[in-house]
Trainee: 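Have a look at this one.
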Number of protein chains: 2
Amino acid sequence: MSVFRAPETKTAPNYLPGTDLALELAEFYKVFGDISRIRILFALLDNELYVNELADLLNMSQSAVSHQLRILRQNKLVKVRKDGKNSLYSLDDEHVYRILTHGLEHISH
Amino acid sequence: MSVFRAPETKTAPNYLPGTDLALELAEFYKVFGDISRIRILFALLDNELYVNELADLLNMSQSAVSHQLRILRQNKLVKVRKDGKNSLYSLDDEHVYRILTHGLEHISH
DNA sequence: TATACATATGTACATATATACATATGTATA
DNA sequence: TATACATATGTATATATGTACATATGTATA
């Protein structure tokens with residue numbers, strides 16, 4: 001990835017994304033930077049689950065789950081399907097699985 | 001990814017990582033969840049750079065850059081090479097590029 | 001309509017964290 | 001050794017953020 005360079009030789013970086021893009025990307029990764037949201041995403045990896053099922057499964061309050069689901073929804077990582085008074089949540093994006101997988105690859109060296 | 005399921009049918013999730021793993025993964029993504037670190041990583045994508053070069057390039061204080069480089073180092077995302085009194089930083093891991101790329105793919109829909 | 005229930009949301013607060021500032025450490029050169 | 005310079009680090013502080021608690025919204029059923 002990074003090319004070796006003699007200390008005296010200075011080359012400017014040839015790809016620097018604008019601040020806006022960097023910010024957007026940071027905001028995106030920030031969503032994955034919380035254990036509750038990670039656990040929710042893993043729970044939804046192969047299942048469509050109700051809010052209260054998530055709360056029970058993960059030992060979280062209904063409120064906390066709902067708040068985190070909102071963040072995940074806003075970032076298009078999960079989607080909702082209404083079922084009467086219940087809400088069924090599932091993953092929204094095909095990338096989510098790959099993103100989680102790559103993270104796991106990294107931390108397992 | 002997520003299998004359709006009738007509301008009455010309840011299946012337990014078949015893969016739930018332990019809390020420790022979820023925490024480790026969240027901590028890992030947290031590193032990407034900051035605009036300064038993202039900008040540093042992009043700057044290092046094709047270049048080996050000195051701390052002061054990064055500071056100039058990104059309009060950050062030397063201290064701020066150094067603090068963030070420490071976090072990136074501890075998470076094995078960048079590595080250092082000493083050159084006298086200078087330090088040359090570069091990406092440490094082949095995954096970094098792919099992780100950034102996937103993030104970009106997601107936010108660009 | 002009244003009640004029960006599932007989910008969403010407003011708010012307060014405790015905790016985490018990025019940066020500025022000051023300073024320490026380490027290296028090269030006079 | 002003294003000085004200049006690059007980088008690292010300790011600390012304080014302002015800001016961001018996750019969760020608890022209370023409550024609102026919306027739906028099904030009696």
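What's counted below: heavy atoms across the whole structure, side chains too, no hydrogens, waters or symmetry copies. Naming: A, B, ... by sequence-line order, numbering from 1 per chain. What you see is a predicted model, and the numbers here were worked out from it, not measured in a lab.
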Trainee: To the nearest 0.5 Å, how far apart are OG in S36(B) and CG in L72(B)?
Mentor: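 If we round to the nearest 0.5 Å, S36(B):OG and L72(B):CG are 10.0 Å apart.
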Trainee: What integer distance in Å separates I35(B):CD1 from dT19(C):P?
Mentor: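 Going from CD1 in I35(B) over to P in dT19(C) covers 9 Å.
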Trainee: Within this structure, what is the CZ-to-C1' distance between F32(A) and dT17(D), rounded to whole angstrom?
Mentor: 18 Å
Trainee: Under 4.0 Å from OP1 or OP2 of dT17(C): is there any side-chain N or O of K30(B) that close?
Mentor: yes
Trainee: Can you check whether S66(A) has a side-chain N or O nearer than 4.0 Å to OP1 or OP2 of dT7(C)?
Mentor: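 So the side-chain polar atoms of S66(A) never come under 4.0 Å of the phosphate oxygens OP1 or OP2 of dT7(C).
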Trainee: Measuring to OP1 and OP2 of dT7(D), would you say a side-chain N or O of R70(B) lies under 4.0 angstrom away?
Mentor: no
Trainee: Indicate, with a heavy-atom threshold strictly under 4.0 Å, whether S61(A) touches base, sugar-phosphate, or nothing.
Mentor: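 Sugar-phosphate only.
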Trainee: Hey, does the side-chain of Q62(B) have a donor or acceptor N/O within less than 3.5 Å of a partner on the base of dA8(D)?
Mentor: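 Present.
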Trainee: May I ask you to verify if any side-chain N or O of S36(B) is less than 4.0 angstrom from the OP1 or OP2 atom of dT19(C)?
Mentor: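 Result: yes.
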Trainee: Counting only Watson-Crick or G-U wobble pairs whose two distances fall under 3.5 Å, which nucleotide matches dA4(C)?
Mentor: dT27(D)
Trainee: Can you see which heavy atom on L25(A) is nearest to which on L100(B), and at what distance?
Mentor: CD2-CD2, 4.0 Å
Trainee: Using the closest heavy atom to pick a nucleotide of DNA chain C for each, name whichever of R37(B) or V51(A) lands nearer the 5' end.
Mentor: V51(A)
Trainee: Rounded to the nearest Å, what distance is computed from the CG atom of residue N86(B) to the P atom of nucleotide dT29(C)?
Mentor: 11 Å
Trainee: Side chain of H67(A), heavy atoms from C-beta onward: which of dT9(C), dA6(C), dT19(C) has the nearest atom to it?
Mentor: dT9(C)
Trainee: In terms of hydrophobic clusters joined by side-chain contacts under 4.5 Å, are L45(B) and L23(A) together?
Mentor: no
Trainee: What is the ring orientation for Y29(B) with F32(B), classed by angle as parallel under 30°, tilted 30 to 60°, or perpendicular over 60°?
Mentor: tilted
Trainee: OP1 or OP2 of dT7(C) versus the side-chain N and O atoms of N52(A): is any pair under 4.0 Å?
Mentor: yes
Trainee: Please state how far atom CG in L54(A) lies from atom P in dT7(C), giving the value in whole angstrom units.
Mentor: 9 Å
Trainee: What nucleotide among dG18(D), dA20(D), dT7(C) has an atom nearest to a side-chain atom of I71(A)?
Mentor: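 Nearest to the side-chain atoms of I71(A), counting from C-beta on, is dG18(D).
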Trainee: Distance check needed: dA16(C) P versus D34(B) CG, whole Å only.
Mentor: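 Atom-to-atom, D34(B) to dA16(C), this comes out as 17 Å.
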Trainee: Among dT19(D), dA8(C), dA6(D), which is the nearest nucleotide to the side chain of Y89(A)?
Mentor: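 Nearest to the side-chain atoms of Y89(A), counting from C-beta on, is dA8(C).
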Trainee: Do F42(A) and M60(A) share a hydrophobic cluster, counting only Ile, Leu, Val, Met, Phe, Trp and Tyr and linking them when any side-chain heavy atoms are less than 4.5 Å apart?
Mentor: yes
Trainee: Over how many whole Å does the gap from Y29(B) atom OH to dT17(C) atom P extend?
Mentor: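 Value for this atom pair: 18 Å.
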Trainee: Can you tell me which nucleotide in dT27(C), dG10(D), dT9(C) comes closest to the side chain of S63(B)?
Mentor: dG10(D)
Trainee: Considering every strand and a 4.0 Å limit on heavy-atom distances, what is the contact class for S87(B): base, sugar-phosphate, or nothing?
Mentor: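 S87(B): backbone/sugar contact only, no base atoms under 4.0 Å.
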Trainee: Take the protein atom CD of E27(A) and the nucleotide atom P of dA16(D), then report the distance between them rounded to whole Å.
Mentor: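 Atom CD in E27(A) sits about 10 Å away from atom P in dA16(D).
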Trainee: Taking atom C1' of dA28(D) as reference, at what distance in whole Å does atom OH of Y50(A) sit?
Mentor: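 That distance rounds to 14 Å.
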Trainee: Provide the closest heavy-atom pair for H102(A) versus I99(B) in the form atom of the first, atom of the second, distance.
Mentor: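 Looks like CB-CG1, 4.3 Å.
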